[in-house]
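What follows is a short report on a single structure.
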Amino acid sequence: MFIAFRREVEAALEAALDDLGYPTGDLGIEEPPADVPAVLASSVAFRLASDAQAPPPQVAGEIADAIDLSAADLVADVSTQGPYVNFTPSDAYFQGTLEDAQADEWGRLPDTGESVVVEHTSANPTGPVHVGRARNPILGDALARILDFAGYDVTKEYYVNDAGRQMAVFTWAYETFDESDLPEPERDKPDYDFVRYYRKGNEFLEEGDPAAVEEAEAEIASIIEGLDEGDEDTLERTSEVVDTVLGGMQETLGRLPAEFDEFVKETRFLRDGSTHEVVDRLQDSEYAFKEEGAWQLDLDDWDIEQSFVFLRSDDTTLYTTRDLAHHEWKFDSFDSAITVLGEDQELHANKLEAALDILGNDTDQLEAVFYAWVNLPGGESMSTRQGTGVDMDDLLDEAVNRAEDAVRSRLDDRIRGDDLTEADVERIARQVGIGAVRYDIVSKQPTKAITFDWEDALDFEGQSAPYVQYAHARACGISAEAGDLEPSLDAAPLDTQAERDLLEGIARFPAVVEAAAADREPHQVATFAREFVDTFNAFYRSCPVVSDDVDDDTAAARLALVDAARNTLANALGVLGIESPDSM
RNA sequence: GGGCACGUAGCUCAGUUCGGACAGAGCGUCUGGCUUCUAACCAGACGGCCGGGGGUUCGAAUCCCCUCGUGCCCGCCA
């Protein structure tokens with residue numbers, strides 16, 4: 001409704017400005033402060049004042065007088081408040097909102113007919129997922145959900161780096177060391193089991209006897225070479241390590257939940273020859289040169305000083321070379337490609353884009369979303385290789401445990417007589433605990449660095465997932481208490497300020513989805529959800545539904561309003577990847 | 001040294017694209033509110049030269065320039 005309202009305002013305002021002989025390039029449409037009883041306003045009078053040689057309020061009056069709302073259905077009235085031109089909603093706006101928001105998928109936008117691949121996480125399969133990388137799956141998964149809800153045909157991709165030096169080291173270490181030389185695994189899970197070989201291997205390469213290290217390096221080099229040539233035996237050796245570790249990581253990511261449509265392996269682009277074909281094409285390009293035995297690209301024309309090495313002096317390819325073939329596959333398969341990357345990848349991403357440009361691709365299809373690091377208190381960074389950092393499994397376990405404690409401590413002073421079963425307690429603990437972790441990360445601008453703090457991440461009060469989830473559970477509680485009362489889709493009785501504010505919030509939701517998708521900013525939905533709950537709680541406080549004090553028509557209409565609000569809450573949480581408990 | 005980000009209340013953050021109504025929340029502190037649809041909630045108080053300095057503008061947290069502080073990157077690693 002809000003989107004349609006905005007269209008009506010734009011049309012009416014543009015026509016009025018045109019009639020008055022004013023430019024229509026900038027309509028100055030904005031959302032007014034909360035205490036102004038308008039859905040949209042225009043500040044255009046400021047800009048026209050000097051042109052019109054009249055003070056802004058007078059120009060605003062002139063514009064308001066010229067606006068013809070006879071064709072508008074959702075805009076009831078236009079008025080001025082000082083220099084502002086305000087547009088207030090009609091009964092049809094509220095009525096339409098109440099009806100439309102009954103849909104389970106309220107907020108979903110029409111299909112765009114465009115496909116987009118969202119690549120996120122893509123952590124190297126070297127060991128357990130740690131919190132340092134947690135932003136990637138949480139942000140990426142939410143972004144994919146939002147784009148899906150905004151009408152895109154979304155494919156969620158995990159790009160598996162199974163061909164680089166890291167995997168060669170890992171494979172060599174797995175084949176070389178004996179389990180008896182390793183510490184106990186931190187968890188009975190394949191990724192925790194295998195990472196011990198990886199850490200042991202790296203330790204050996206850093207501190208081992210030089211002659212033995214040289215021998216090991218030769219073996220590692222032969223694995224890299226075998227992979228590069230697409231040698232089946234080598235692929236089989238590495239794939240045992242890759243698939244096992246990745247399986248463990250998937251299990252952890254699944255708890256968030258972050259699930260993928262495709263796991264695309266880097267080795268795929270070596271097997272099918274496309275990486276070497278890319279190398280051939282690059283060598284023929286005018287930007288290619290060979291220096292110290294390595295083939296590279298001069299990216300001066302893209303304002304990148306550093307050259308792009310695409311073939312080592314031993315003629316093997318690099319990660320970035322294979323990533324070029326990978327991205328050409330994306331361009332062939334989808335209309336556009338979004339990659340969620342740590343900010344440390346930015347230079348790499350820019351070089352990649354330049355090289356794709358050289359290869360003749362339309363790089364407008366490519367977009368990267370960057371996020372800043374999650375650090376440990378004290379400035380220590382998280383590393384799989386060194387084994388520093390907080391494992392995501394530990395964070396999620398702790399979150400669920402704390403949520404369970406919270407649920408149990410509240411059991412005694414619950415007013416409602418709905419006995420929660422043991423299964424309910426576990427369900428709520430999981431939904432709330434994991435929701436809190438997700439919300440803590442997804443609600444912030446990704447470009448801001450975060451210092452990980454257990455207390456902040458696991459705060460169940462205030463601006464948190466549980467705050468929004470609780471409102472949802474309350475809405476469910478009202479419906480459950482309503483008994484025989486049938487909801488009525490008549491907005492007329494909903495005439496108090498609290499009810500109108502709630503309807504206005506519901507109406508805005510699709511526009512929030514639209515903006516969050518267009519800007520690739522999931523946190524916009526999180527901000528909306530928090531603010532919407534404030535509105536819902538105000539309604540909850542002042543407008544009883546199931547009460548003897550309320551007449552039947554009003555109660556029935558309020559019940560429909562609660563349903564609409566519940567759908568809004570559930571879908572806002574849904575696109576953030578957070579569950580909506582029916583009870584808490 | 002160069003590039004990219006970030007700097008808003010004691011703390012954690014919205015708002016910055018695309019300048020516009022007195023700069024908003026939460027946490028913490030203080031005061032109140034559960035026999036009333038769930039108090040993981042609500043009402044109120046306290047708390048800001050929006051890092052600093054210039055500039056553009058009728059108007060700047062928002063745009064431009066300079067400066068200070070912090071993070072990330074600058075490999076024939078990924």
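Letters A, B, ... mirror the listed sequences (proteins, then strands); counts begin at 1.
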A:Tyr470 vs B:A40: side-chain N/O to OP1/OP2 distance below 4.0 Å: yes
Taking atom types as modelled and ignoring hydrogens, do the side chains of A:Arg322 and A:Thr275 form a donor-acceptor contact shorter than 3.5 angstrom? no
Answer for the Watson-Crick or wobble partner of B:A9, both distances under 3.5 Å, is none
| Using a cut-off of 4.0 Å on non-hydrogen atoms, how would the nucleic acid contact of A:Val432 be classed: base, sugar-phosphate, or nothing? | base
Task: Aromatic ring proximity A:Tyr439/A:Phe460, centre distance under 6.0 Å - done: no
Quick note, A:Pro466 side chain, CB onward, closest among B:C4, B:A40, B:C37 is B:A40
> Closer than 4.0 Å, any side-chain N/O of A:His348 to the OP1 or OP2 of B:C77?
Replying inline: no
Side-chain N or O of A:Arg410 closer than 4.0 Å to phosphate OP1/OP2 of B:A40: yes
Counting only pairs under 3.5 Å, give me each side-chain donor-acceptor contact of residues 158-165 of chain A, with atom names and distances, residues two or more places apart or in other chains.
residue  : atom : partner  : partner atom : Å
A:Tyr158 : OH   : A:Ala123 : N            : 3.2
A:Tyr158 : OH   : A:Ala123 : O            : 2.6
A:Asp162 : OD1  : A:Glu266 : N            : 3.1
A:Asp162 : OD1  : A:Thr267 : N            : 3.0
A:Asp162 : OD2  : A:Thr267 : OG1          : 2.6
A:Arg165 : NH1  : A:Glu217 : OE1          : 3.0
A:Arg165 : NH2  : A:Glu217 : OE2          : 3.1

task = Assign A:Asp35 to base, sugar-phosphate, or nothing according to its heavy-atom contacts below 4.0 angstrom with the strands shown.
result = base
The residue, A:Thr320 or A:Asn86, whose nearest nucleotide of RNA chain B is more 5′ is A:Asn86
Taking B:A5, B:A21, B:A78 as options, the one with an atom nearest any side-chain atom of A:Asn161 is B:A78
Considering only heavy side-chain atoms of A:Leu347, the closest of B:G2, B:C73, B:C41 is B:C73
query: Donor-acceptor pair under 3.5 Å: do we get one between A:Arg47's side chain and the base of B:G20?
result: yes
Taking B:C42 as the reference, what is the distance to B:U56 when you measure between their P atoms (whole Å, please)? 46 Å
Quick one: does any side-chain atom of A:Asn136 pair with a main-chain N or O of A:Val340 as donor and acceptor, under 3.5 Å?
yes
task = Determine the contact category for A:Gln345: base if any of its heavy atoms lies under 4.0 Å from a base atom, sugar-phosphate if only primed atoms, P, OP1 or OP2 are that close, otherwise nothing.
result = base
Of the candidates B:G20, B:A40, B:U16, the side chain of A:Ser43 sits closest to B:G20
| task | Could you tell me whether A:Phe308 and A:Trp302 have their ring centroids closer than 6.0 angstrom? | result | no
Atom OH of A:Tyr540 and atom C1' of B:C41 are separated, to the nearest Å, by 8 Å
Enumerate donor-acceptor pairs with a distance under 3.5 Å from any side-chain N or O in residues 399-407 of chain A to protein atoms, sequence neighbours excluded.
residue  : atom : partner  : partner atom : Å
A:Asn401 : ND2  : A:Asp397 : O            : 3.3
A:Arg402 : NE   : A:Glu398 : OE2          : 2.8
A:Arg402 : NH1  : A:Glu455 : OE1          : 3.3
A:Arg402 : NH1  : A:Glu455 : OE2          : 3.3
A:Arg402 : NH2  : A:Glu398 : OE2          : 3.3
A:Glu404 : OE2  : A:Arg408 : NE           : 3.2
A:Glu404 : OE2  : A:Arg408 : NH2          : 3.0

To the nearest angstrom, the OH-P distance between A:Tyr467 and B:A39 comes to 13 Å
Per the glycosidic torsion and the 90° limit around 0, nucleotide B:C42 is anti
note: A:Tyr84, atom OH; B:G59, atom P; distance rounded to Å ~ 14 Å
Of A:Glu31, A:Glu30, A:Glu514, the one forming a salt bridge (Lys or Arg N to Asp or Glu O under 4.0 Å) with A:Arg6 is A:Glu514
Quiz item: Does A:Arg312 make a side-chain N or O approach to OP1 or OP2 of B:C77 shorter than 4.0 Å?
Solution: yes
Under a 3.5 Å limit on both distances, the Watson-Crick or wobble mate of B:A43 is B:U31
Pairing partner of B:G71, by Watson-Crick or G-U wobble and under 3.5 Å for both distances, is B:C4
Heavy-atom contacts, protein to nucleotides 43-48 of chain B, under 4.0 Å, summarised as B (base), S (sugar-phosphate only) or - (none) per nt, yield S-----
A:Lys444 atom NZ is separated from B:G7 atom P, nearest whole Å, by 14 Å
Open item on the list: Determine whether the aromatic ring of A:Phe46 stacks with the base of B:G59, defined as ring centroids separated by less than 5.5 Å and ring planes inclined by less than 30°.
Closed with: no
| task | Take A:Arg427 and A:Glu579, measure what salt bridge (Lys or Arg N to Asp or Glu O under 4.0 Å) needs, and give me the verdict at the end. | result | CA-CA 10 Å; A:Arg427 168 186 58 83; A:Glu579 291 193 53; over 6 Å; no
note: A:Asp519, atom CG; B:A14, atom P; distance rounded to Å ~ 15 Å
Is A:Ser313 side chain donor-acceptor paired with the B:C76 base, going by distance under 3.5 Å alone? yes
note: A:Asn537, atom CG; B:A40, atom C1'; distance rounded to Å ~ 11 Å
Against the side chain of A:Glu343, the closest entry in B:U16, B:A5, B:A40 is B:A5
Of B:A78, B:G75, B:U17, the nucleotide closest to the side chain of A:Gln306 is B:G75
When A:Val44 and A:Gln296 are each assigned the nearest nucleotide of RNA chain B, the 5'-most assignment goes to A:Val44
Among the nucleotides B:C22, B:U17, B:C76, whichever has the atom closest to the side chain of A:Gln524 is B:U17
### Heavy atoms of other groups near A:Asp552 CG, more than 12 under 6.0 Å
no
Of B:U16, B:C37, B:A40, the nucleotide closest to the side chain of A:Glu461 is B:A40
Paired to B:C58 by Watson-Crick or G-U wobble criteria (both distances under 3.5 Å) is B:G20
Problem set entry | Axial cation check for A:Tyr540 ring with A:Arg474, 6.0 Å and 45° limits | yes
Per atom distances to the A:Val309 side chain, the nearest of B:U16, B:C76, B:C72 is B:C76
### Query
Just checking A:Arg402: base, sugar-phosphate only, or nothing, at a heavy-atom cut-off of under 4.0 Å?
nothing
inquiry  = Check this for me: does any side-chain nitrogen of one of A:Asp51 and A:Arg47 sit under 4.0 Å from a carboxylate oxygen of the other?
reply    = no
Q.
Can you tell me whether the side chain of A:Gln463 and the base of B:A25 have a donor-acceptor pair closer than 3.5 Å?
A. yes
Here the distance between atom P of B:A40 and atom CZ of A:Phe536, to the nearest Å, is 14 Å
A:Glu481 has its side chain closest, among B:C73, B:C37, B:C76, to B:C37
Rounded to whole Å, CD of A:Gln445 lies from P of B:U17 at a distance of 12 Å
